[in-house]
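Read the numbers this way: they start at 1 and go in the same order the structure lists the ligands and their atoms. Just so we're clear, the structure is a prediction, and the values are computed from it rather than from any experiment.
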Amino acid sequence: MRTQVGIIGAGPAGLLLSHLLHLRGISSVVLEKRSREYVERRVRAGVLEQGTVDTLVEAGVGERMLREGLPHHGIELRYGGAGHRIPFEKLVPGRAITVYGQQEVVKDLIAARLAAGGDVRFEVEDVELHSLESQPYITFGGERLDCDVVAGCDGFHGVSRPAVPEGVLSVFERDYPFAWLGILARVAPSSEELIYARTERGFALHSMRSPAVSRFYLQVPADARLEDWPDERIWQELRTRLETVPGFGLATGEIMERGITPMRGFVAEPMQYGRLYLAGDAAHIVPPTGAKGLNLAVADVRVLTEALAAYFGSGSTELLDGYSDACLKRVWRAQHFSWWMTTLLHTFEEDDPYARKLQLSYLDYVTSSEAAATTLAENYVGLPFEPGR
Ligand code: FAD
Ligand code: DHB
């Protein structure tokens, strides 16, 4: 079997790449180790930057997102007994975010690929990459796929990054001493906008998916286990951390899904080796406080699409050669923003009273200075995608 681009992973990065390449007349095969049901049900991100929304709409896969997604023009930072709104419409006019579940984006992309006759294979076993320096091919479940280029879109725990010979990649990483416990609950949101809450007991986030479904996250110790968090404890802790301003009451409901995510920042450089190009979580991850992971995956895929279109169109490797450099500027901006939001809002056990005073002082600054609030807003809604980025 032969294709132009062999894509490993049917997450947002792999599926969007396959779709954008199809629109440019470039063939691809997507190999995914999980089932279609599994990837369509996996609950993860929910915040889409303006550039991500625009990309999906321009690619013809934004119709349901525009209908069902929830545009948001601000977020609330809650701490010290008060809520402070960061108004996007005032600070970054014309730019906003859309709350729309990642698994809905994945569903829309899979439907679009299959409707166009795309080759997306689920439940493939034993994916291995070979001969990445010259004539790459991928083996899986007893089959062989020859391709001109391999796109490693298989997330943080995939096989693509480890296929790069040792010593080639430089890795930069930071582990945080806590995790996020996330739940999806059948209950109307208790707030119209997202609430990022900093308390002495730790961070809490109130998000949503629809007028009838809410999403919440709690900062928990890095070694927390779900069995130690029965429903009542989760709701109790969410109430304690969110019901800190007068008049706010948290509505509760049936918990439909739950999970614990470690918090980590990670970048592997360069994001390419031979004819392998890494995109999305395969190359970098951010702590989720800044809501940047999915949006970075989309940004990478846009750069890679342009580079592959130039290569297959004219044979020029210039953009492909510069792929990693073109992506990493944005990747590091997002790393910094995600680290900054995380340190601003979480409780660090090692923090002494002095460090806590600094954190609160910084929160006061961000919520009272227009310049500081604009920095937050500009990064949160996402820096514009440059042409070809
Ligand atoms: P993935 O979505 O991880 O997709 C990789 C795919 O590759 C998977 O389907 C996997 O099954 C497959 N795969 C893995 N190994 C193999 C193999 N060996 N062979 C074949 N297939 C393989 N980001 C945001 O932008 N905003 C948010 O609000 C946000 N919130 C988040 C909240 C949580 C709780 C979590 C966990 C993440 C959040 N993120 C957020 C991050 C976001 O979900 C990821 O950055 C995003 O999923 C990256 O997409 P991807 O396609 O690169 O990787
Ligand atoms: C969601 C996730 C995030 O990481 C975030 O910062 C905001 C919202 C969410 O899943 O809705």
**Close-contact set for ligand 1 against Cys153 heavy atoms, below 4.0 Å** = 5 (C), 6 (C), 7 (O)
**Message:** Any donor-acceptor pair under 3.5 Å linking the side-chain atoms of Asp300 with those of His284?
**Reply:** yes
**Message:** Need the ligand 1 atom indices (1-based, order shown) with element for anything under 4.0 Å from a heavy-atom of Arg34.
**Reply:** 11 (O)
**Request:** Would you mind finding which of Val43, Asp281, Ile7 brings a heavy atom closest to atom 48 (C) of ligand 1?
**Result:** Asp281
**Prompt:** Which class fits the ring pair Trp180 and Phe203: parallel under 30°, tilted 30 to 60°, perpendicular over 60°?
**Reply:** parallel
**Prompt:** What are the atoms of ligand 2, with element, lying closer than 4.0 Å to any heavy atom of Arg215?
**Reply:** 10 (O)
**Item:** Contacting atoms of ligand 1, where contact means under 4.0 angstrom from a heavy atom of Gly46
**Value:** 27 (C), 28 (O)
**Request:** Please identify which atoms of ligand 1 are closer than 4.0 Å to at least one heavy atom of Val39.
**Result:** 9 (O)
**Prompt:** Does ligand 1 have any atom that is closer than 4.0 Å to a heavy atom of Phe156?
**Reply:** no
**Asked** What part of Phe216, side chain from CB on, backbone N/CA/C/O, both or neither, has a heavy atom under 4.0 Å from ligand 2?
**Response** neither
**Request:** Select one of side chain, backbone, both or neither to describe which atoms of Val99 lie under 4.0 Å from any atom of ligand 2, heavy atoms only.
**Result:** neither
**Request:** Report the member of Leu15, Asp154, Val159, Leu16 with the shortest heavy-atom distance to atom 13 (N) of ligand 1.
**Result:** Asp154
**Request:** Can you sort out which atoms of ligand 1 are near Asn295, meaning under 4.0 Å from one of its heavy atoms?
**Result:** 25 (O)
**Request:** Would you check whether Gly182 reaches within less than 4.0 Å of ligand 1, judged by its heavy atoms?
**Result:** no
**Message:** If you take the nearest heavy atom of each of Gly293, Pro287, Ser207, which one is closest to atom 11 (O) of ligand 2?
**Reply:** Ser207
**Item:** Which of the ligand 1 atoms, numbered from 1, are nearer than 4.0 Å to a heavy atom of Gly155
**Value:** 3 (O), 5 (C), 53 (O)
**Asked** Does Ile8 approach ligand 1 within less than 4.0 angstrom via side chain, backbone, both or neither, non-hydrogen atoms only?
**Response** side chain
**Asked** Parallel, tilted or perpendicular for His22 and His19, by the 30°/60° rule?
**Response** tilted
**Request:** Would you tell me which option among Gly290, Gly9, Ala45 has the nearest heavy-atom contact to atom 38 (C) of ligand 1?
**Result:** Ala45
**Asked** Would you call Glu49 a ligand 1 contact, heavy-atom distance under 4.0 Å?
**Response** no
**Asked** Can you list the atoms of ligand 1 that are under 4.0 Å from a heavy atom of Val127?
**Response** 19 (N)
**Message:** Applying a heavy-atom cut-off of 4.0 Å, say which part of Lys292 lies close to ligand 1: side chain, backbone, both or neither.
**Reply:** backbone
